Amino acid sequence: MATIFRLFLVLPFSYIIASAAAGFTIYAAWHTTDLVPQDGQFEFILGAIFVSMAYAAVSLPTSLIGIALAEGFKITSLVPFILLGLANGYLSFWIVEEEYTLGQFGDPFLQSFPNNVESYLAGGSAWGVIFWILAGRLSGAWHSSKRSDEY
């Protein structure tokens, strides 16, 4: 029962909250350096939510692999989660970067994204810390502590 609870509730909730933290971190970095229009608080919230959703969508495949490895091998250290977040942040930067921009595929709004790697890496590290706090400290806790050869 604990495995089902962790798989279907704890891990998705943690991923969503960590992706929201990464998106808000990235958008706040853009906002403080005047890389996006300074319209108001409502526009800031909408922009941060959009960046959070984009970050969550882009980083889902690599996050699933990293989370599965952490759960399978009972990795509870903070460092691997931060490294996974940095990899996700760099992947997001690489997707939005000018020569690989998503604007080529029909969405000109995405061409206006700032392409400074520091904000993406900061968001990725925020993702790693938040995910570790919510779910990573207990990675692999659903494994039984006794081995089958002990009986």
Side-chain angles (χ1 to χ4, degrees), residues 1-33 35-36 41 44-105 107 109-110 113-151:
M1 191 65 172
T3 305
I4 294 171
F5 176 75
R6 182 159 178 85
L7 184 64
F8 291 110
L9 189 65
V10 173
L11 292 177
F13 174 77
S14 301
Y15 181 77
I16 290 168
I17 297 298
S19 295
F24 273 82
T25 303
I26 293 168
Y27 197 77
W30 294 346
H31 198 265
T32 57
T33 57
L35 293 172
V36 294
Q41 291 179 350
F44 175 80
I45 298 292
L46 287 178
I49 289 172
F50 179 76
V51 172
S52 298
M53 290 187 306
Y55 182 89
V58 167
S59 66
L60 183 63
T62 56
S63 295
L64 285 177
I65 293 169
I67 292 168
L69 288 173
E71 290 289 326
F73 292 112
K74 296 184 182 181
I75 299 171
T76 59
S77 176
L78 174 63
V79 175
F81 288 100
I82 290 178
L83 292 175
L84 177 62
L86 289 172
N88 290 338
Y90 188 75
L91 178 68
S92 298
F93 167 73
W94 182 72
I95 296 261
V96 176
E97 190 180 14
E98 198 166 317
E99 71 179 296
Y100 298 108
T101 186
L102 293 175
Q104 296 174 5
F105 303 111
D107 196 355
F109 173 72
L110 294 175
F113 274 18
N115 58 355
N116 54 344
V117 71
E118 297 88 6
S119 60
Y120 291 96
L121 293 179
S125 61
W127 182 94
V129 169
I130 298 297
F131 189 85
W132 177 78
I133 289 172
L134 295 175
R137 295 177 298 147
L138 300 174
S139 289
W142 50 272
H143 287 287
S144 64
S145 60
K146 293 186 179 184
R147 295 188 323 233
S148 61
D149 61 350
E150 291 180 358
Y151 293 108

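All values derive from a computational prediction rather than experimental measurement.
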Could you measure the distance from the [atom1] atom of [X] to the [atom2] atom of [Y]? Nearest 0.5 Å is fine.
{"X": "Thr76", "Y": "Glu71", "atom1": "OG1", "atom2": "CD", "value": "10.5 Å"}
{"X": "Leu121", "Y": "Ile26", "atom1": "CG", "atom2": "CD1", "value": "9.0 Å"}
{"X": "Ile130", "Y": "Ser19", "atom1": "CD1", "atom2": "OG", "value": "11.0 Å"}
{"X": "Leu9", "Y": "Ile4", "atom1": "CG", "atom2": "CD1", "value": "12.0 Å"}
{"X": "Phe81", "Y": "Leu86", "atom1": "CZ", "atom2": "CG", "value": "13.5 Å"}
{"X": "Leu91", "Y": "Ile95", "atom1": "CG", "atom2": "CD1", "value": "5.0 Å"}

Backbone of Ala135 reached by a side-chain donor or acceptor of Arg6 within 3.5 Å: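 Flag set: sc Arg6 to bb Ala135 pair under 3.5 Å.
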Of all the heavy-atom pairs spanning [X] and [Y], show the shortest one and how long it is.
{"X": "Gly23", "Y": "Val51", "answer": "O-CG1, 3.8 Å"}
{"X": "Ser125", "Y": "Ile82", "answer": "CB-CG2, 4.3 Å"}
{"X": "Trp127", "Y": "Ala22", "answer": "CB-CB, 3.9 Å"}

Take the angle between the ring planes of Tyr27 and Phe44 and call it parallel below 30°, perpendicular above 60°, tilted in between.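 Tilted: the ring planes of Tyr27 and Phe44 meet at 30° to 60°.
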For a 4.5 angstrom cut-off between non-hydrogen side-chain atoms, does [X] reach [Y]?
{"X": "Leu84", "Y": "Phe131", "value": "no"}
{"X": "Asn88", "Y": "Tyr55", "value": "yes"}
{"X": "Ser139", "Y": "Lys74", "value": "no"}

Can a donor-acceptor pair be found between the side chains of Ser59 and Tyr15 at a distance below 3.5 Å?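 There is such a pair between these side chains.
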